[in-house]
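Worksheet: one structure, shown below.
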Number of protein chains: 2
Amino acid sequence: MPAPQRVSQEELVAAIRRIAEDDGIDAVTMSSVASAVGVRTPSLYKRVADRHGLLRLAADDAARELVAELSGAPHTEGEDAAGRLRRMAYALRAFAARAPRVSGLLFAAPSAAAAPSPEAGEPLLRPLLEAVSAAAPGDPLPAARTFTAWIYGFCTMEQAGAFRLGGDVDAAFEYGLDVLLGAMTRPA
Amino acid sequence: MPAPQRVSQEELVAAIRRIAEDDGIDAVTMSSVASAVGVRTPSLYKRVADRHGLLRLAADDAARELVAELSGAPHTEGEDAAGRLRRMAYALRAFAARAPRVSGLLFAAPSAAAAPSPEAGEPLLRPLLEAVSAAAPGDPLPAARTFTAWIYGFCTMEQAGAFRLGGDVDAAFEYGLDVLLGAMTRPA
DNA sequence: ACCTGAACACCGTTCAAGT
DNA sequence: ACCTGAACACCGTTCAAGT
C-alpha cells in the first residue's frame, strides 16, 4: 500500500541546518536529525545514502541560498566589475557570519561526500569567475584563485576564531579586498 | 608498584600522524591509535583528556616541525623581508603538500580542542608577523591577516582538490604571492 | 604509576517485517 | 511506497580491579 512521505524536504533540510548551526556539524547525526523531524533513524536512508548525505543536503541548500543572494542584489547601473566583486565578497562574508557551520561545508567539507554537489556548487563559482574575468586583464584563472583562496581563508579563519590578536578584523578585510582588487584591475 | 610508560610520546605522535595522513582525521579514533601503539583504549586517557587531545598532539607536533623548518632555512645574507616571506610561503605550501591532514589542523581545526595549543601555535605565528612587520610599513596586522588568510586558503583548497579548472596551479601561487608582497612593500 | 576488562550510552547501517 | 524494530559492529568514556 503506497504511503506518502511523512516529512517534506524543506522540513528535513531546515532541521539539519538548525542542528548544525546550534550544536555543530558533529551533532548532525542520523539519530538527532531523525528525532528532530519525528521519524526513526532507518527512515532517513530513504532520503539519503549515508550521514554525509545529510551534510550535502545542507551544503546544497546553503549554496542555493547564497546564489540567490549574490544574484538578487540589484546591479547598480554604473557598477564596474571590481564593484561587483566587492559586493560578492561582502555577501560571502556575511553569509559565513550568519551560517558559519554550513558555510564551512561550502568550501572545505570534511569529506567530498559532504561537499555541495557539482550542480549546486557550479552556479556559485561561475559568477565569481565571470566577475574576475571582467575585472582582470589577461588570464583570469590565477586572479580568481587568489581571490577565492583569500576570501575562503579569511572567512574560515574568522569563524574559527583564529584572529586572536585583537585589532580591527573589518579593517583587515577591507585591506585585503583593496589589495586584491587593486592588483587585479591594475594592468600587468 | 610503579610502572614505566609503555609507549613513548614519539611513538604515540608518530602513530597519530600516520593514521591521520593515511586514512584521514576521522580515522584517528581512540581505538585505532591504541591498537597502533599496542595498548588498550582506556590507557590513552593517561596521555590525553579525550579524542581531541590526540589531534592536538598531532597539531602541536606539526607546528613544532614547521617552526624548525622555517627557522632552519639559511638566512641568505642580503635577504630582505619580502624574500623571507616568500621563503616562508614556499615552506608552508610544501608542508601542506607533505602533511595535508595535520596541516589542516594547524589553521582550521574542527574544534578548538583539536587546534594547536597556544604555546605551540605562537612560535609559528610570531616569525610570520615579524616578517610582515619588517616588510610592510604601518600596521602589520591587516597585512599579516591577508597573507595568512590567502596562504591558508590556497593550501587548503589545493589539498582539497578544489582547483579543478586546470591551468597552472604553481603559476597561480606565484601570482598571489607577487600581488600580496607587492602590495605590502609598496608605501601606502 | 600505569595498564586492563567490563560496562555504559551512544553511533551508523542493514534488513526483514509491518502498513 | 514508506516506515519500523531488532540486530550488528563500532565508537568514546568511566571506573574498579589488577600488577
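Just so we're clear, the structure is a prediction, and the values are computed from it rather than from any experiment. Residue numbering restarts at 1 for every chain, and letters A, B, ... go by the order of the sequence lines.
Protein atom CG of B:L44 is 20 Å distant from nucleotide atom P of C:dA1, rounded to whole Å. For the pair B:L54 CG and D:dT13 P, the computed distance is 9 Å after rounding to whole Å. In this structure, the CG atom of A:D26 is 13 Å from the C1' atom of D:dC11, given to the nearest Å. Atom pair B:D23:CG and D:dC11:P shows a separation of 12 Å (rounding to whole Å applied). Between the CE atom of B:M30 and the P atom of D:dC10 there is a distance of 18 Å, given to the nearest Å. Note: NE2 (B:H52) to C1' (D:dC11) measures 14 Å, nearest angstrom. When the P atom of C:dC11 is taken as reference, atom CG of A:D50 falls 17 Å away, rounded to whole Å.
Side-chain contact between B:F147 and B:L177 is present, with heavy atoms from C-beta onward closer than 4.5 Å. Considering only heavy atoms from C-beta on, A:Y175 stays 4.5 Å or farther from B:R145 through its side chain. The side-chain heavy atoms of A:L44 and A:L12, taken from C-beta on, include a pair separated by under 4.5 Å.
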| request: Apply the test salt bridge (Lys or Arg N to Asp or Glu O under 4.0 Å) to residues A:D170 and A:R93: give CA-CA distance (whole Å), side-chain angles for both, the deciding distance (0.1 Å), then the verdict. | output: CA-CA 10 Å; A:D170 289 341; A:R93 183 167 176 235; 2.7 Å; yes
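The nucleotide whose nearest atom lies closest to any side-chain atom of B:P42 is, among C:dG5, D:dC3, D:dA6, C:dG5. When distances are taken from the side chain of A:Y45 to each of D:dC2, D:dT13, C:dT14, the shortest belongs to C:dT14. Which of D:dC2, C:dC2, D:dT4 sits closest to the side chain of B:K46 comes down to C:dC2.
B:T29 comes within contact range of the sugar-phosphate backbone alone, with a heavy-atom separation under 4.0 Å but no base atom that close.
At least one side-chain nitrogen or oxygen of A:R40 sits closer than 4.0 Å to the OP1 or OP2 atom of D:dG5. Taking only side-chain nitrogens and oxygens, A:S43 comes nearer than 4.0 Å to OP1 or OP2 of D:dT4. In terms of phosphate contacts, A:R6 brings no side-chain nitrogen or oxygen within less than 4.0 Å of OP1 or OP2 of D:dA1. OP1 or OP2 of C:dG12 has at least one side-chain nitrogen or oxygen of A:S31 nearer than 4.0 Å.
Base pairing of D:dT19 is made with C:dA1, judged by Watson-Crick or G-U wobble geometry with both donor-acceptor distances under 3.5 Å. Across the strands present, D:dA6 finds its partner in C:dT14; the criterion is a Watson-Crick or G-U wobble pair with both atom distances under 3.5 angstrom.
Side-chain atoms of A:Q159 and A:R101 include no donor-acceptor pair closer than 3.5 Å.
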